Every structure is written in C-alpha cells, then in structure tokens.
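Each chain gets a letter, A, B and so on, in the order the sequences are listed, and its residues count up from 1. All of these numbers come straight from a predicted model, not from anything done at the bench.
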Amino acid sequence: MVENLVIVESPAKASTIEKFLGKNYLVKSSFGHIRDLEKKNLGIDVKNDYTPQYIVPEDKKKLVAELKKLAKDAQTVWLASDEDREGEAISWHLFEVLGLKPEKTKRIVFNEITKEAILRAIENPRTIDNNLVNAQQARRVLDRLVGFEISPILWRKVKPALSAGRVQSVAVRLIVEREREIHAFKTSSAFKVTANFQLTDPKKATLYAELDNKINNRDNTLEFLKKCQNAEFRVADVVTKPSKKSPAPPFTTSTLQQEASRKLGFSVSQTMTLAQKLYEAGRITYMRTDSVNLSETAINMAKEVITKDYGEKYSNPRQYKTKSKGAQEAHEAIRPSYLDQIDIPGSTAEKRLYDLIRKRTIASQMSDAALEKTTATIDISTTSEKFMASGEVLKFEGFLKVYIESTDDENEENSERLLPPLNKGQVLALDFIKATERFTHHAPRYTEASLVKKLEELGIGRPSTYAPTISTIQQRGYVVKEDREGDERQYLGITLKNKQISEQTLKEITGAEKAKLFPSDIGTIVNDFLINHFNDILDFNFTANVEKEFDEIATGHLGWTKMIDKFYSPFHKKVEITTETSERSIGEKILGTDPASGKPIMVKIGRFGPMAQIGEATDEEKPRFAGLLKGQSIETITLEQALDLFKLPRLVGSFEDKEVTAGVGRFGPYLKHDAKFYSLRPKEDDALSINIDRAIEVITIKRIEQQNKVLKTFAEDSELQILNGRWGAYIVYKKENYKIPKGQTAETLTFQDCQEIIKNGPAKAKAKPKAKAPVKSAAKGKKK
DNA sequence: CAGTGAGCGAGCTTCCGCTTGACTT
C-alpha cells in the first residue's frame, strides 16, 4: 500500500525522481506509450468519425497489469509523462487503460530533473489537456493513414514489402534529388593565384598572399603572370579589425549526432546507443531532446567549474534559444549530470562521447573568443589586380580553450595565420607566384548526420526517430551507405619564379566518398512513383503545414476529426485512383539496340534487383538477362556498359588442365576453376579484363591463404579442425561450427577439449525460429 | 551462397513516436 504513485516515461528517470521524493512516493515507468493503434489492420474506423482502435501490445500487458494494481491501491496517482504532445497522450492513455478516477489523479510536468523542479511540479498539478491529446491523436491517425494506404500500392505496383511514410519518403527524396543534382553538375575550373614574398625584416619571414579573384582560364593566367614578371609589389593598405567568436549552444539530439559523426566518426545509431548507456548510468541528462535549455543548477555548476579551472574571465553564463522548427522542448539540452566529473568509467567510445558532451556544455558557458583580423592589400605596378594577405591573432581564447565546433564543409581551407609586421608603402620582394587550376565542386552527398540536420531544418521527424528513420530507409533498400573510390584528375599548375614562367601537369584524386548515402535504383523508382502520384505528401512543407493544424487542435481552435477528414477525403480518392490506373513501375528504360542481334536492350528492376535484358519475352527465343554491377544504376548506365555485362561469364584460359572462367555473381566478381570460386577484389582486378597469368596468381594466393586458415588438425579424427575465421579461431566438425570458450586458445585445446565443446552443441542454434527471421536479421547483420 | 529472372497458388509485408532490452554475428 502506497500513498502516492508517480508514473514517468523512462525507468532511469523514475529512479532519479524517487530519490528526490522520499518514502511516500512510489515512482514507476510506463516505458513510453502503453498502447497504440491495432497493428494488423488500419486500426482506424474511417466510417465512424475516424475512431482509433487502440490496443495494449502483448509485451506491455504485464506492465499495464502491474500499474493497474498499484494505481488501485494508491491514494493519488501522479501522471508525470513529458510536457509535450506525445507525453500528454501517454498520460491520457494511462488514465483510460488503468481506469483512473479523476478525483485521485493529478497531472504534473517538469522539463528538468532537479529536486526543485519536481517539488514545484507537485505543488502545481493540473488536469489532462484534452486538446493536446487530440492533437496527438490527429498526428498518429494521419501517419497511419498515409503509411498504411500508400505502402500497399507500392507492393502492387513496384515490389512487395516496401513502405512509404510522411517522414521516410521525404528523407529518400532528399537523397535521390541530391544524387541527380550531382550527376547534372558540370564542373568548371579557374586559376587560384597565390604569391609568396620574401621579407628582410624580420629576416627570412614569408608573406603569403592571394589574388583578389580567380582567373578563369590558362591564357589569361599566363598573361597575368607575364605582367608580374617585371612588376613592383607594394603594400597599399593594412587594416586591423577586431572580431569575436561565440560558442555553440549545448547539444540537442541532432547536433550531438552531427558532431559525434564529424569528430568521432560514429553513425547516428552508434551515438544513440552510447548516449543511452551514459544516461542509464546517470552520467548525462536525457539524450532525446530538441531543447538547448540548461537548468539553473547546470548553469551554476558550469560557472563554478569554469572559474575554478580557467579563471573568472572565462566564465559567461548564458541561456540559449532554440531555432529549430517544431521543437517541443520537453527536456533539457544534453549535458553531463555532474559537470565536475571529468573521467567516467566505461568503454572508450562511451568516454569519448561523454568528453564531447562535457566540453560542449562547458564551452557553451564560456566567454567569447576575441580575435584581431588583419588584412593587407598589395598593389601590382603593372595591373589593377591586387594581392590580399590576411592574418588572425587570437587576443583572448575564451571558449576556444575547450571546444571548437566542426563543419560539414569538406573543402574548407582553414589557413588563418599570423601576418608579419607590414608598413604601408613598403615594397615587397617577390619569391614566386603560383597559379593552380581549381575546380568547382558539386553539393556534397548526405551523411547520416547531415541528413538528420536537414530533416530537422525541415521540421520533419523527432529526436526519437532520427536514428530509426535512417536505418529504415537503408533496410528497405532505398538508400545505401557506402564508400566510393575517387577518380584521378589532371590539373595545371603555372609558376613564376626568377622571372621564368613554367607549367606543370599535376594529378589529384577527386570524388572519393566515405560513408555517404546513395540512392538505390529501387529508392529512385519508388521516389519517382510517389512524386508522381502523391506530390503533396512528398512536399517538403507537408509536415510543417499539418503541424500548424495540429497546433490549432492543441489550442482548441480545430476539431481533430474535422482536420483528418479534410485531409483524408481527397487523399483516399487519390489512393483509389492510383491503385486502379497507375502503371506498374519497375524503372524500365530502353538503352538502344544490341548490335549482335538487333534486338532492343533495356534495364529494369527484376526479382533479384536491377538487371539488363536483351530482347522481349514475346520473341521466339527467351530474352537474355544480366544483373547490374555494384555502383551501376538504371539511371546512369550506358548502352556500352550494359553490353559488357553480357560478356560474362567468360573463359579466361586454362590452368592445370581445367578451365578458368570469370564472372560477377551476387557477391561480386569471381574466378571459377575446378568447381571452386575465387573472389576478385574490385579495386585490383575486374572480371572483364583479367588475363590468365593474373588469374593463376589470384588462385595461388588464395590457396596459400586457405592453408594458413587451418590452425590445428588432430590425428585422432581428420574431420575435426581448428580454423582461423573472420572472428578468430573456431572449431569445425562435420560441417558444423563451434565457438571456442573464453579463456581458451587454439594452441591449448586438446582433442578431448574439442570433443567436449562439440558435445555441448553448435555455436548457434541451427533451427531458425520462423520464416520471418531472415528479414529481421538483415537489420542486425549490417552492424559490423 | 556464385549468372537466378515475368504468368497459377496462400498469406505476408507497411506508418511515426514514446520507451528499453534480447538477440547474434
């Protein structure tokens, strides 16, 4: 029997609050929502004023029963879920499902977990805000209608098991459109001209300067350099201006994901898993937040720590205002629970993330950095163009002592340096001038984190869904995260030194990508289909517009079913029309004709992915098929590349009296010899051009590797072996694999040891639970 | 696991936002 039952959303939060509240309070967690729309069907009675059909999911039944019992016995139930739309709905669902009585139920809210805030909340209870609840119901119902009515169209018109939704489809759209923009991009080049001057005072100092604008071609560059051959260079002006830099606000979910990606190379899901661990261990505040707010306590603690560690001059307490669209600010910013804790126990990754959070929080409460920027203008006696030299002096470090925010711009040249002392009118001795051909670059491809940033800017998705959305679009095969190798590019360098002009052709690698998001063919096809038929939902402003209406519902100015009806009536009509009239969409595209047979050659999505096809099935003969290679796409493949696909598999030659053939299969390019397969590394060899000498080399190397794979064999039984695999040593016996227990190594294991291990069963359960398993395991498999 | 490939059939797949584990690989 307990006097007061408090229900919050998160168990970690529950245990913290329980400490603040004392003996008369029992604090429990609902673990998020406790019920949801029916999963099997639409779950909405459309004909009956859109009545939602809520059910308590199987895995929540036990929890609900427990809460029900506790609530029945309690004198007062305090519903303390988050102060936002979803939180209000959670409280309402609890009220309904637990059968609470209005007179013994109180709704309280706080957006920071401090003792003062919670006691204050207890003193100021209110009732459930039904308007806010209705806004959530509208949000929920709209998302279900969109997702569950459009997805089945994709199953019929494109491919089974695909999906569409208000958030994910826009995320895919961003990536598809960026890729098209990149393919349409035409690069151009111009010459960047820099000069180095040799100073005599201070001795041997060099002054580096840049021409005020780029020169658009080689001829003009040569002409300019000729003018410089006998020119005099004179300092025309020196201007010094103070400037300042301010720290970035403390982390939200989105900015944490971005910085952890840029600075630590973490994927968004990695960041969230680590942050969850830190949160559960009480190291940081809640990690799913859109707020940059810090509690009074945190600000004071920061002031104390900064003053102690760096001195009073470095402290500048400040509160930040959120800029992001649709922020609901139910929590604090992400910050350390105790700012004076520098080292925490845990894995290296956890420590690094914690350190990042701590430094960012501290820096946000520090003084601006003060700089002095100096710009010198250098006149050229023979032309009106000018060289500019600029330098920066740090007058006061301020927050830069602790933390510098990174940017997404890969091409940013950060070359702020100190300028040597210069006088107006001073004549400079030229050492050399260098003109380098530079190219314009296309917009960057999205990383996981920069996609999150973009979605947040558009107000699409929430802190709790950024990471899941990113993994959904990859799981559906719409998008792949990949590295791509760059291409070699030549560029021109022209130098003027000792009055001599010389030209060099240089090489650089361009277009290399690391962990970037690329659209797949299926992603592109689905996107085009959706843009064609559901343009309004794919609109970047769709979410922002419906959010405005949700706000009206939340303030009581609009009925939620009325809003849904206004959306659904035309939407559903579109669904019906599209189902009936739209063509099957498999990206079919005719590339040209096959010179050998004169038949048309086309590309499209087949049962096993993108493929090329020669001839139609209606012909007497069966058409010929060939799958597209990795990195190729329906959108960009050329006729020539498609024809190459049909040259495989090809005979390379013979080795040890057996044929060697080369092909490309599901797992990439390979050689086949004597019924054995040998993978080719795409960087080194390719199936179309490999010759027999190189093929024999590949086969021989693989054979040696195979031999080294066997760590131990046993005289007692030749079928028992210890092999060296991708995950270390393991035991093989009669085609079954067995794990080596911790604490033992391949060397120490005896024949008897191995027999013992084998008796205890194989490393993994052979029997898969259900036919569903492979689909789900795909998600886990991608984690390396 | 390694060049498959449309058209019988039975039934399944799917949304977004709240929250944690339980699983391997």
Can you figure out which of B:dT20, B:dT19, B:dC15 approaches the side chain of A:D82 most closely? B:dT19
May I ask you to decide whether A:R681 forms a salt bridge with A:D685, counting only side-chain N to carboxylate O separations under 4.0 Å? no
Would you call A:D82 and A:K13 a salt bridge, taking side-chain N to carboxylate O under 4.0 Å as the test? yes
Take the protein atom CD1 of A:I537 and the nucleotide atom P of B:dC16, then report the distance between them rounded to whole Å. 11 Å
Looking only at B:dC16, B:dG5, B:dC18, the nucleotide nearest the A:E86 side chain is B:dC18
Looking at A:K658 and A:D674, is there a salt bridge between them, counting it only when a charged N and a carboxylate O are closer than 4.0 Å? yes
Find the distance A:M272:CE to B:dG17:C1' and express it as a whole number of Å. 13 Å
Which is true for A:G32 with a 4.0 Å heavy-atom rule: it touches a base, it touches only sugar-phosphate, or it touches nothing? base
Using the six-membered ring for Trp and the full ring for Phe, Tyr or His, decide whether A:F31 stacks on the six-membered base ring of B:dC18 (centres under 5.5 Å, planes under 30°). no
Counting any heavy atom closer than 4.0 Å, what does A:V146 reach on the DNA or RNA strands: base, sugar-phosphate only, or nothing? nothing
Mind checking if A:Y279 touches a base, just sugar-phosphate, or nothing, with heavy atoms under 4.0 Å? sugar-phosphate
Check the distance between B:dC18's P and A:D36's CG and give it to me in whole angstrom. 12 Å
Using a heavy-atom cut-off of 4.0 Å across all strands, would you classify A:P468 as base, sugar-phosphate, or nothing? nothing
Determine the contact category for A:L162: base if any of its heavy atoms lies under 4.0 Å from a base atom, sugar-phosphate if only primed atoms, P, OP1 or OP2 are that close, otherwise nothing. sugar-phosphate
Classify A:R476 by what it touches in the nucleic acid, base, sugar-phosphate, or nothing, heavy-atom distance under 4.0 Å. sugar-phosphate
Strictly below 4.0 Å: does A:Y670 bring a side-chain N or O up to OP1 or OP2 of B:dG3? yes
Over all strands shown, is A:T469 touching base, sugar-phosphate only, or nothing at heavy-atom distances under 4.0 angstrom? nothing
Of all the nucleotides listed (B:dT14, B:dT20, B:dG17), which has the minimum atom distance to the side chain of A:S10? B:dT20
Side-chain N or O of A:R288 versus OP1/OP2 of B:dT20: is the shortest distance under 4.0 Å? yes
With a 4.0 Å cutoff (strictly under), does any side-chain N or O of A:S163 reach OP1 or OP2 of B:dC15? yes
With distance as the sole criterion, is a donor-acceptor pair present between the side chains of A:E456 and A:S254 under 3.5 Å? yes
Looking at the base of B:dC16, is there any donor atom on it, or on the side chain of A:R462, that sits under 3.5 Å from an acceptor on the other one? no
Sugar-phosphate only, base, or nothing, as touched by A:A626 at under 4.0 Å among non-hydrogen atoms: base
Which nucleotide in the set B:dT20, B:dC15, B:dG3 lies at the smallest distance from any side-chain heavy atom of A:R144? B:dC15
For A:F625 and B:dT4, do the ring centres fall under 5.5 Å apart while the planes stay under 30° apart? no
Touch class at under 4.0 angstrom, heavy-atom based, for A:G87 against every strand present: nothing
Output the rounded distance in Å from CD1 (A:I90) to C1' (B:dG17). 8 Å
Interatomic distance, A:I153 CD1 vs B:dC15 P [rounded to whole Å]: 15 Å
Given B:dT19, B:dT20, B:dC15, identify the nucleotide with an atom nearest to the side chain of A:Y286. B:dT19
Looking at every strand, decide which applies to A:Q276 at a 4.0 Å heavy-atom threshold: base, sugar-phosphate, or nothing. sugar-phosphate
Touch class at under 4.0 angstrom, heavy-atom based, for A:E149 against every strand present: nothing
Taking the side chain of A:R166 as its heavy atoms from C-beta onward, which of B:dG17, B:dT20, B:dC15 lies nearest to it? B:dG17
Salt-bridged, A:K325 to A:E457, with N to O below 4.0 Å? no
Could you state the atom-to-atom distance from CD of A:E280 to P of B:dA22 in whole Å? 11 Å
Among B:dG5, B:dC18, B:dT13, which nucleotide sits nearest the side chain of A:P160? B:dT13
Regarding A:T472, tell me which of base, sugar-phosphate or nothing describes its non-hydrogen contacts under 4.0 Å with the strands shown. sugar-phosphate
Of the listed nucleotides B:dC15, B:dG5, B:dG3, the one nearest the side chain of A:F608: B:dG5
Checking side-chain polar atoms at under 3.5 Å, does A:S163 have a donor or acceptor matched by the opposite partner on A:S151? no
For a quick check of understanding: with a heavy-atom distance under 4.0 Å over all strands, which category does A:R139 fall into, base, sugar-phosphate or nothing? base
Over all strands shown, is A:S151 touching base, sugar-phosphate only, or nothing at heavy-atom distances under 4.0 angstrom? base
Spacing between A:K40 atom NZ and B:dC12 atom P, to the nearest angstrom: 7 Å
From C-beta outward on A:A161, which listed nucleotide comes closest to its side chain: B:dC18, B:dT13, B:dG17? B:dT13
The residue, A:P152 or A:Q613, whose nearest nucleotide of DNA chain B is more 5′ is A:Q613
Of A:D84 and A:L42, whose nearest nucleotide on DNA chain B comes first from the 5' end? A:L42
Below 4.0 angstrom, N of the basic side chain to O of the carboxylate: do A:E583 and A:K157 qualify? no
Can a salt bridge be assigned to the pair A:K28 and A:E66 using a cut-off of 4.0 Å between side-chain N and carboxylate O? yes
From CZ of A:F550 over to C1' of B:dC16, roughly how many Å is that when rounded to an integer? 10 Å
